[in-house]
Amino acid sequence: MKNPMNIQRRGLLLGTAALAGLSLAPMAAFADELASIQERGVLKIAMSGQYPPFNFVNEQNEVVGFDPAIGTEIAKRMGLEVEIITTAWDGIIGGLLANKYDAVVGSMSITEERDKVIDFVGPYYNTKRAIFTKSGSPITTVAQLADAKVGVTLGETHEEWARAQGYDINTYKGLPELLLELDNGRVDAIVNDSIPVMLAMKAGQYDLAMIDDPDAEPIGAGIAIREGNPELAAAMQKALDDMMADGTYLAIANEWVGGDIR
């Protein structure tokens, strides 16, 4: 299902901090980890917790959203409990390779760079890079971003893309902070996956405009696991496929994002 030539980058895979973490991790697991996870009885999954409605912390201090719902259902179908771990996005791959959790179920885009050091299950949804400004902004084209202050989330592929364009950027920890900074006028535009921002607009939380970006292509989000785990990958993929076939996936998608995003 993956087509890495047609997907966008969503994070800086090998930043300085990540490189330090990766250098301490093995290039691949020595043995498939499915059996040890089954013996433990718990699937440990990671996400940022700062990407509503895909994953965020609610008023009861629970991590909720589309991603934890998908991860929890996959674990259930594998006969496992789930443990959700939140961590900074820019170090999340380093944490995976350092064995801090078993998988990343956090809306991670499948890219060629990532696919060199980790494996993916899925994709489990698709989205697209999008650029947003406040409604009424004089910035209406991608070309005008050259003279603007652009906000991005630290460690996402959108940061890498914005830097490659030579934009003047500010980096933030997650989408809530990104939207707040745009609303307060500290940045002129933000770059993010389209779905969560459009949902925030639909809910009336922000009065924004989307700039047409003709070069943006669909992005597949996958579940990241360590290399060398074909049995684990197959078990997770089967659970995901079964969810999609029996209507459970659609029910989760309708609850959290208002429709089918496959």
Query raised in the report: Which atom pair, heavy atoms only, marks the closest approach of Asp90 to Gly155?
Result: CB-CA, 4.0 Å
**Report entry** Ala103 to Ile223 - nearest heavy-atom pair and separation
**Finding:** CB-CG2, 4.0 Å
Query raised in the report: Does Gln237 use its side chain to pair, donor to acceptor, with the backbone of Gly122 at less than 3.5 Å?
Result: yes
Query - Asp168/Lys149 ion pair, N-O < 4.0 Å - result: yes
Report task. Search all heavy atoms of Gly91 against all heavy atoms of Tyr101 and return the closest pair with its distance. Result -> O-OH, 4.1 Å
Report task. Output yes when Asp119 and Arg114 qualify as a salt bridge under the 4.0 Å nitrogen-oxygen rule, no when they do not. Result -> no
Query raised in the report: Step by step, would you call Asp213 with Arg129 a salt bridge (Lys or Arg N to Asp or Glu O under 4.0 Å)?
Result: CA-CA 8 Å; Asp213 183 0; Arg129 182 184 71 234; 2.7 Å; yes
Query raised in the report: Hey, are Thr141 and Gln144 close enough side-chain-wise for a donor-acceptor pair under 3.5 Å?
Result: yes
Query raised in the report: Tyr125 and Asp260: side-chain donor and acceptor closer than 3.5 Å?
Result: no
Report task. Kindly state each residue pair satisfying ring pair (Phe, Tyr, Trp, His ring centres under 6.0 Å) with at least one member in residues 241-262, sequence neighbours excluded. Result -> Phe66-Tyr249
Report task. Could you pull out all residues at least two apart from Gln38 that satisfy side-chain hydrogen bond (donor to acceptor under 3.5 Å, both in side chains)? Result -> none
Query raised in the report: Can a salt bridge be assigned to the pair Arg226 and Glu33 using a cut-off of 4.0 Å between side-chain N and carboxylate O?
Result: yes
Report task. Kindly say whether the aromatic ring centers of Tyr51 and Trp89 come within a distance under 6.0 Å. Result -> no
Query raised in the report: Stepwise, does the salt bridge (Lys or Arg N to Asp or Glu O under 4.0 Å) test hold for Asp246 with Arg77?
Result: CA-CA 12 Å; Asp246 67 18; Arg77 289 173 184 247; 2.9 Å; yes
Requested in this report: Apply side chain to side chain contact (heavy atoms under 4.5 Å, CB included) to Leu145 and Ile131, showing your working.
Outcome: CA-CA 10 Å; Leu145 295 179; Ile131 300 161; 3.7 Å; yes
Query raised in the report: Are any non-hydrogen side-chain atoms of Arg163 and Thr171 less than 4.5 angstrom apart?
Result: yes
